[in-house]
Amino acid sequence: MADLSNTAIADAFDELADLYELDGAVVHRVLAYRTAAKNVRNATVSVAELTKQGRVTSLPGIGKTLEEKIRAMVDTGTIPALGKLRDRIPPGLAAITRLPGVGPKRVRTMYDQLGIDSIEALREAAETGRLRDAKGFGPKFEESVLAALDAGAADRPAQRTVLPTALEVGEQVAEALRAHPAAVHVEIAGSARRLADSVKDLDIVAAATDPAALAAALADVDALESAGTAGENAARGRAHNGLGIDLRVVEPDQFGNLLQHFTGSARHNVALREAAVRRGVHISEYGILDDETGETTRCATEEEVYERLGMPWIPPELREDRGELAKGFEVPRLVTVEDLRGDLHCHTTLSDGRSTLEEMARAAQARGYEYLAITDHSATHGFGDHVTPDELRRQIERVRALDDEIDGMHLLVGTETNILPDGRPDYDDELLAELDWVVGSVHTSFNMTEKNMTARMVAATEHPWIDAIGHPTGRKIAKREPYKVDIDALIEAAARTGTMLEINGAPDRRDLDDVHARAAAEAGVNILIDSDAHGAERLEHVKWAVATARRAWLGPEQIANTRSWKAFAGLRKRAKAAA
DNA sequence: GCCGTTTTCGGCCCGACTGTTTTCAGTCG
């Protein structure tokens with residue numbers, strides 16, 4: 001089993017990149033560390049294990065030097081160069097680079113010439129007018145630093161907006177712009193189009209017969225708190241919830257270039273442009289420049305952009321430079337909402353849901369599902385939403401009775417049992433055995449050590465009646481970090497015990513995330529896509545889990561609940577035990 | 001620091017904006 005996580009190695013490389021950058025290393029060396037960190041973080045196998053086997057240089061971006069550094073981490077737990085750099089670079093410098101308009105070069109200059117080594121020292125220097133004494137710095141820079149500090153840019157990380165909120169705002173804006181007479185195409189781009197977990201701001205791109213007129217029209221969109229033009233064919237606005245919006249408009253014959261460019265990701269675009277250079281062309285948001293002829297080709301569609309490079313059109317969800325630009329890449333068949341034949345995690349008014357058992361069942365039937373598992377919270381849940389063993393026994397009767405009434409759909413009686421700190425579920429095995437389906441989730445004692453949390457969750461996978469682990473890392477997007485658990489060990493245990501791992505569709509969970517879901521599926525774990533609906537109308541939240549699954553490159557065959565009821569039923573531990 | 005349908009050495013993505021420059025470096029997306 002892996003004793004050193006990919007995350008730990010990636011974190012070390014990212015820190016090395018930051019420190020080398022502040023140390024004035026050539027940018028490409030810094031970039032090499034950042035690339036390596038990303039590739040390690042996204043690797044679907046244990047990088048420590050690869051290193052022990054002497055195969056780690058097969059990972060892109062890992063050469064001899066980085067292999068040595070990983071080996072040092074595996075053997076001694078630390079990298080010597082990291083210690084030396086930490087001694088030489090004051091810890092406060094990295095924080096200063098997070099101010100807008102202040103990067104590593106300027107931080108280095110301020111440190112060397114003025115001895116500024118912290119946010120506090122920077123404020124003092126700016127307020128006393130000393131900052132402009134450094135070479136290449138003037139009063140404007142001093143002003144912008146003070147403005148950034150006063151705006152609190154140093155205190156809080158940039159606010160992120162969860163995907164559904166961003167898309168809702170984006171659709172309103174796009175709809176309004178589409179109604180403009182000059183509009184030809186209006187599309188949401190950026191991380192929202194890639195269906196990422198959250199977005200920093202919203203990119204909208206458009207094609208128009210009169211680009212300047214459409215850009216100016218952003219100011220008239222009701223859904224916005226404020227907006228104004230930003231350059232000739234661009235505009236910038238802010239939604240009422242604070243979400244920033246950038247609009248770019250071009251002529252229709254360049255729309256493909258613009259959409260491709262602003263869909264990103266940044267890493268995908270970098271890799272794409274590198275691949276383009278190898279083919280003798282240069283890509284930008286304006287077109288494709290051919291070295292030979294010196295001519296620029298404009299593309300009206302994204303398909304043309306990729307085709308010009310000899311590549312298939314790549315679904316936006318895959319544009320993260322995780323292998324989609326590799327030679328011989330073929331677009332995988334990605335799972336869709338329509339592939340799902342059942343939902344295995346939802347709540348009713350028995351615990352904290354807002355819809356009744358019958359309402360949930362009818363809504364699932366209306367979605368065309370073959371099966372629905374009712375999984376209310378369990379005996380120790382708290383908030384007055386717990387379900388005692390006796391209540392669960394009565395629920396078994398109610399669900400069975402309703403199942404008899406409903407045609408064409410299997411209604412399963414289940415539970416979302418709390419995984420107690422020692423790894424046991426909070427109902428007796430005897431009662432769990434009477435159910436059709438059991439999800440085990442962690443809802444308490446988040447602050448355990450990684451060792452204990454991992455032992456807790458591995459024990460849950462080993463339980464004979466726990467069929468699946470719900471929201472396996474406990475993260476809340478933009479709100480709460482995942483609890484500390486060795487995800488590789490959990491995946492290994494799930495694969496070994498035949499326990500399914502869930503991609504939870506609650507918009508602020510999407511847990512497992514894309515990287516872990518891909519790793520789990522590649523390890524042979526059956527992945528579940530669930531809504532965790534707390535109301536009938538929220539069964540549609542599976543779409544957010546589907547988005548994550550697609551970002552994980554998953555096809556229908558890797559998702560357990562795309563199977564017919566008969567095939568799915570046989571994947572449950574209780575079916576295997578009975579066989 | 002990595003890497004090879006230009007290369008084992010010399011490259012390594014593109015363009016806009018800003019402020020400080022008088023030709024460009026740094027930052028950002």
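Everything numeric here is computed off the predicted structure, so don't read it as measured data.
In this structure, A:Leu22 atom CG and B:dG26 atom C1' are separated by 14 Å, rounded to whole Å. The separation between A:Phe137 atom CZ and B:dG26 atom P is 10 Å, rounded to whole Å. The separation between A:Tyr286 atom OH and B:dC14 atom C1' is 10 Å, rounded to whole Å. In this structure, A:Leu31 atom CG and B:dC12 atom P are separated by 13 Å, rounded to whole Å. Between the CD atom of A:Glu21 and the C1' atom of B:dG26 there is a distance of 11 Å, given to the nearest Å. Distance A:Asp23 CG to B:dG1 P: 12 Å, rounded to the nearest Å. Taking atom CD1 of A:Ile288 as the reference point, atom C1' of B:dG15 lies 16 Å away to the nearest angstrom. With rounding to whole Å, A:Glu274 atom CD is found 10 Å from B:dC12 atom P.
At a non-hydrogen distance threshold of 4.0 Å, nothing from residues 302-325 of chain A comes into contact with DNA chain B.
Taking atom P in both B:dT21 and B:dA16, the straight-line distance is 24 Å, to the nearest Å. Between B:dC17 and B:dT22, the two P atoms lie 22 Å apart (nearest whole Å). B:dT27 sits 26 Å from B:dG10 when the C1' atoms are compared, rounded to a whole Å. With both ends at atom C1', the span from B:dC13 to B:dC28 equals 14 Å, rounded to whole Å. As rounded to the nearest Å, B:dT5 and B:dC12 have P atoms that lie 16 Å from one another. Across the P atoms, B:dT8 and B:dC3 are found 16 Å apart, a figure rounded to whole Å. With both ends at atom P, the span from B:dG11 to B:dG19 equals 34 Å, rounded to whole Å. A gap of 29 Å separates the C1' atoms of B:dC9 and B:dG15, to the nearest Å.
OP1 and OP2 of B:dG1 both lie 4.0 Å or more from every side-chain N or O belonging to A:His28.
A search for salt bridge (charged side-chain N to carboxylate O under 4.0 Å, His left out) contacts involving A:Arg29 returns nothing, not counting sequence neighbours. Partners of A:Phe262 under the ring pair (Phe, Tyr, Trp, His ring centres under 6.0 Å) rule, at least two apart in sequence or in another chain, do not exist in this structure. Applying the side-chain contact (heavy atoms from CB on, under 4.5 Å) criterion to A:Glu307, with sequence neighbours excluded, gives no partner residue. Listed by chain and number, the residues in a side-chain contact (heavy atoms from CB on, under 4.5 Å) with A:Thr7 are A:Ser5, A:Asp11, A:Arg41 (sequence neighbours excluded). Applying the ring pair (Phe, Tyr, Trp, His ring centres under 6.0 Å) rule to A:Tyr286 yields no partners; only residues at least two apart in sequence or on another chain are considered. Residues satisfying the salt bridge (charged side-chain N to carboxylate O under 4.0 Å, His left out) criterion with A:Lys543, sequence neighbours excluded, are A:Glu540. Applying the salt bridge (charged side-chain N to carboxylate O under 4.0 Å, His left out) test to A:Arg236 and every residue at least two apart in sequence or in another chain returns A:Asp246. Every residue two or more places apart in sequence or in another chain was checked for a ring pair (Phe, Tyr, Trp, His ring centres under 6.0 Å) with A:His516, and none qualifies.
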Give me, pair by pair, the N or O atoms of the protein and of nucleotides 3-10 of chain B that are less than 3.5 Å apart, along with how far apart they are.
{"unit_1": "B:dC3", "atom_1": "OP1", "unit_2": "A:Gly61", "atom_2": "N", "d": "2.8"}

Pairs under 3.5 angstrom, nitrogen or oxygen only, protein versus nucleotides 27-29 of chain B, please.
{"unit_1": "B:dT27", "atom_1": "OP1", "unit_2": "A:Gly103", "atom_2": "N", "d": "2.6"}
{"unit_1": "B:dT27", "atom_1": "OP1", "unit_2": "A:Gly103", "atom_2": "O", "d": "2.9"}
{"unit_1": "B:dT27", "atom_1": "OP1", "unit_2": "A:Arg106", "atom_2": "N", "d": "3.1"}
{"unit_1": "B:dT27", "atom_1": "OP2", "unit_2": "A:Lys105", "atom_2": "N", "d": "3.4"}
{"unit_1": "B:dC28", "atom_1": "OP1", "unit_2": "A:Gly101", "atom_2": "N", "d": "2.8"}

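Among B:dG1, B:dA16, B:dT20, the nucleotide with an atom closest to any side-chain atom of A:Thr65 is B:dG1. Of the candidate nucleotides B:dT20, B:dG15, B:dG1, B:dG15 has the atom lying nearest to any side-chain atom of A:Ser284. Nearest nucleotide to the A:Val270 side chain, out of B:dC13, B:dT20, B:dG1: B:dC13.
Of the nucleotides present, none pairs with B:dT8 by Watson-Crick or G-U wobble criteria with both distances under 3.5 Å.
Take the nearest nucleotide of DNA chain B for A:Val281 and for A:Ser144: the residue whose nucleotide is more 5' is A:Val281. The 5' end of DNA chain B is approached more closely, in terms of each residue's nearest nucleotide, by A:His282 than by the other of A:His282 and A:Ala230.
A:Glu15 is listed as a side-chain neighbour of A:Arg86, based on a closest heavy-atom distance under 4.5 Å.
Side-chain rings of A:Trp553 and A:Phe329 approach one another, their centers coming within less than 6.0 Å.
A salt bridge is defined here as a Lys NZ or Arg NE, NH1 or NH2 lying under 4.0 Å from an Asp or Glu carboxylate O, and A:Asp511 with A:Arg475 fails to meet this definition.
Side-chain contact check for A:Asn269 and A:Gln260: at least one donor-acceptor pair (N or O, by modelled atom type) lies under 3.5 Å.
At the heavy-atom level, A:Ile283 lies under 4.0 Å from the strands shown only through sugar-phosphate atoms.
Screening residues 210-224 of chain A for salt bridge (Lys or Arg N to Asp or Glu O under 4.0 Å), with sequence neighbours left out, gives no hits.
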